[in-house]
Amino acid sequence: MGLAKRIIPCLDVDNGRVVKGVQFVDIRDAGDPVEIAKRYNEAGADEITFLDITASHQGRDTTVHTVERIASEVFIPLTVGGGIRSNDDIRRMLNAGADKVGINSAAVHNPDFVKAASDRFGAQCIVVAIDAKQVSAPGERLRWEIFTHGGRKPTGIDAVEWAARMSDYGAGEILLTSMDRDGTKNGFDLPLTSAISAAVPIPVIASGGVGNLQHLVDGVTEGHADAVLAASIFHFGEYSVLEAKEYMQERGIEVRL
Amino acid sequence: MSETVAVIDYGMGNLHSVASALGKVCDHTIIVTSDPAEIASADRVIFPGVGAIGDCMGEIKRLGFDAVLREQVASGKPVLGICVGMQALMSNSAESGGTECIDLFPGSVEFFGNQLKGDQGETLKVPHMGWNQVHHNDHPLWADIPQDSRFYFVHSYYVQSANSEQVMASCHYGVSFAAAVGYNNLFAVQFHPEKSHTAGLQLLHNFVRWNGQS
């Protein structure tokens with residue numbers, strides 16, 4: 001009896017539409033984030049993460065509206081990330097019904113923003129998203145660096161030290177994405193996940209690379225993640241959230257069923 | 001005329017979620033308000049809260065909501081505290097360098113600590129974030145909620161009640177703590193019912209129909 005490991009489906013949303021493709025057999029409009037969020041909610045998702053990749057300013061209003069619609073239908077925690085740069089942005093998303101916000105590049109550009117945000121809104125709603133890439137050569141001690149701009153731009157910041165610093169600055173949770181694994185379906189970067197999880201007292205969500213249910217198990221048992229995030233394995237109906245939870249439970253992981 | 005449920009707004013937290021979850025489980029009029037008169041005229045009151053207790057208590061005292069809450073509880077109408085709202089109803093909290101709270105429940109709010117250990121000696125993450133099992137008693141607010149159902153928690157401080165008869169549910173995370181306390185028409189929960197899916201909505205469903213007697 002204890003705290004369950006969480007499974008978090010992630011929606012990448014552009015101008016109010018889910019991208020990367022989502023295919024549920026019985027949803028006609030497969031790109032509607034509200035329908036998809038409802039579906040995951042009913043399937044037993046523990047939280048929903050909504051990643052806004054909308055570039056335009058006008059599109060951000062659409063995002064607020066979409067978050068409002070999801071929040072009025074889905075009664076599990078909702079995290080909204082993407083383009084969060086100021087306390088005003090956070091206030092806007094929380095007012096729309098988000099429970100937490102993900103801060104990524106704004107934290108890299110101005111680490112004190114995380115402090116200010118946590119002081120103002122509480123650590124419980126500040127998720128620092130970290131995109132990390134392995135930079136050590138084969139045979140060297142493993143080392144990962146923070147990258148921005150979708151993994152294209154190195155920052156020179158050590159990922160493990162950064163996670164610890166963000167935790168000290170008041171992050172309530174770390175959303176850790178391996179840029180080496182993202183989209184590969186080869187599983188999480190387990191040494192990275194485990195190194196970050198050991199370095200911070202706050203929960204770590206593993207992300208990037210899930211291709212099958214065993215990868216979710218490995219993220220918890222070997223990566224010591226507190227939650228696992230996945231997109232495509234759920235979107236394309238390869239596995240349901242329920243199947244994922246049953247699989248994890250059969251392997252001794254405590255889940256909410 | 002339909003009943004009114006007032007969700008007290010003292011500038012701390014996401015009240016949209018609480019209001020929309022209430023809208024899902026009843027046809028009552030839901031108002032999110034910081035107006036003492038509106039709170040006083042409501043049939044039921046919800047007292048939510050997130051963030052640091054020092055900031056919350058600062059706002060509560062500045063706006064006079066400690067007195068408002070005492071009056072509402074004394075009036076006999078059903079009152080539900082949620083998360084930091086529950087903590088604010090205790091005597092005091094170790095958070096924010098030690099904080100005097102409203103003291104409608106005897107007991108304190110303690111830090112989980114940086115060295116919290118699980119049953120197998122593993123280090124537990126703080127905040128306690130996610131879905132944990134709640135072992136409840138037979139209070140009417142637990143009607144139709146299976147024993148040991150999971151609810152969504154997010155907190156770094158926990159309630160230690162000084163009166164075991166007021167503990168309505170317990171939870172375990174390194175330590176055992178009060179997941180819910182209550183007496184008479186007052187009830188408070190550490191978890192977020194508005195974010196706890198079926199079990200949470202059931203608790204809110206029970207609250208909006210509760211006659212205020214335990």
Side-chain angles (χ1 to χ4, degrees), chain A residues 1-8 41-42 44-48 67-78 90-91 93-101 118-127 167 170-174 197-198 200-205 224-227 254-257, chain B residues 12-25 49-53 55-56 83-84 112-116 118-120 122-135 148-156 171-174 176 192-201 204:
Chain A
M1 174 164 169
L3 188 64
K5 299 296 178 186
R6 289 169 281 153
I7 295 189
I8 307 176
N41 177 40
E42 284 154 22
D46 296 310
E47 299 186 18
I48 303 271
V67 170
E68 278 170 358
R69 287 172 59 223
I70 293 178
S72 59
E73 302 258 8
V74 172
F75 299 102
I76 57 176
L78 175 65
I90 296 176
R91 167 55 59 206
M93 287 307 165
L94 297 182
N95 282 344
D99 299 286
K100 317 182 202 180
V101 293
S118 182
D119 282 348
R120 175 65 191 88
F121 301 103
Q124 83 291 333
C125 74
I126 305 300
V127 182
S167 169
E173 201 171 23
I174 299 285
S197 189
V200 296
I202 56 179
V204 173
I205 305 166
H224 305 292
D226 302 282
E254 196 158 352
V255 292
R256 177 178 71 103
L257 273 173
Chain B
M12 305 297 290
N14 173 4
L15 305 174
H16 172 104
S17 302
V18 177
S20 61
L22 287 166
K24 186 90 179 171
V25 299
V50 297
I53 192 83
D55 295 341
C56 283
C83 196
V84 176
F112 276 119
N114 292 318
Q115 296 298 324
L116 190 66
D119 296 338
Q120 273 89 48
E122 76 279 17
T123 302
L124 297 176
K125 298 299 180 76
V126 174
H128 173 224
M129 185 185 285
W131 299 80
N132 207 338
Q133 286 176 299
V134 168
H135 196 78
D148 299 324
S149 288
R150 289 185 185 274
F151 289 84
Y152 186 80
F153 289 85
V154 50
H155 59 129
S156 298
C171 181
H172 189 76
Y173 188 65
S176 287
H192 286 274
E194 76 281 11
K195 288 290 154 186
S196 295
H197 200 223
T198 317
L201 292 178
L204 293 175

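Below, each value reflects all heavy atoms present in this structure, side chains not excepted, and no hydrogens, waters or symmetry copies. Within every chain, numbering begins at 1; the chains are lettered A, B, ... in the order of the sequence lines, protein sequences first and strands thereafter.
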Contacting region of [X] [heavy-atom separation from chain B under 4.5 Å]:
{"X": "Leu94(A)", "result": "backbone"}
{"X": "Asp119(A)", "result": "backbone"}
{"X": "Arg6(A)", "result": "side chain"}

Under a 4.5 Å heavy-atom cutoff, which of [options] has the most pairs with chain B?
{"options": "Lys5(A), Glu47(A), Glu68(A)", "value": "Glu47(A)"}
{"options": "Gly172(A), Pro203(A), Ala227(A), Ser118(A)", "value": "Pro203(A)"}
{"options": "Pro77(A), Ala96(A), Gly97(A), Ala123(A)", "value": "Pro77(A)"}
{"options": "Ser197(A), Cys125(A), Gly122(A)", "value": "Ser197(A)"}
{"options": "Asp226(A), Asp99(A), Val74(A)", "value": "Asp99(A)"}

Item to check | Contacts of type side chain to side chain donor-acceptor pair (under 3.5 Å), residue His192(B), not counting sequence neighbours | outcome: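 Counting only residues at least two positions away or on another chain, His192(B) forms a side chain to side chain donor-acceptor pair (under 3.5 Å) with Glu194(B).
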Checklist entry - Which pair of non-hydrogen atoms, one from Lys125(B) and one from Ile202(A), has the smallest distance, and what is that distance? => result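 Closest approach of Lys125(B) to Ile202(A): NZ-O, 3.1 Å.
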Checklist entry - What are the two closest heavy atoms between Gly2(A) and Arg150(B), and how far apart are they? => result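 Distance-wise, the nearest heavy atoms are O-NH1, 2.8 Å.
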Checklist entry - Given the options Ser17(B), Pro127(B), Gly200(B), which has more heavy-atom pairs under 4.5 Å with chain A than any of the others? => result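 Result: the option with the highest number of such pairs is Pro127(B).
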Checklist entry - Between the side chains of Asn41(A) and His197(B), does any donor sit under 3.5 Å from an acceptor? => result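 A pair is found: one side chain offers a donor N or O, the other an acceptor, under 3.5 Å apart.
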Next on the checklist: For a 4.5 angstrom cut-off between non-hydrogen side-chain atoms, does Leu116(B) reach Tyr173(B)?
Outcome noted: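 Yes, at least one pair of side-chain atoms sits under 4.5 Å.
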Next on the checklist: Please enumerate all residues that pass side chain to side chain contact (heavy atoms under 4.5 Å, CB included) together with Gln124(A), with sequence neighbours excluded.
Outcome noted: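 Side chain to side chain contact (heavy atoms under 4.5 Å, CB included) list for Gln124(A), sorted by chain: Val50(B), Val154(B).
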Checklist entry - What distance do Ser156(B) atom OG and Phe112(B) atom CZ have between them, rounded to the nearest 0.5 Å? => result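 Nearest 0.5 Å value for the OG-CZ distance: 8.0 Å.
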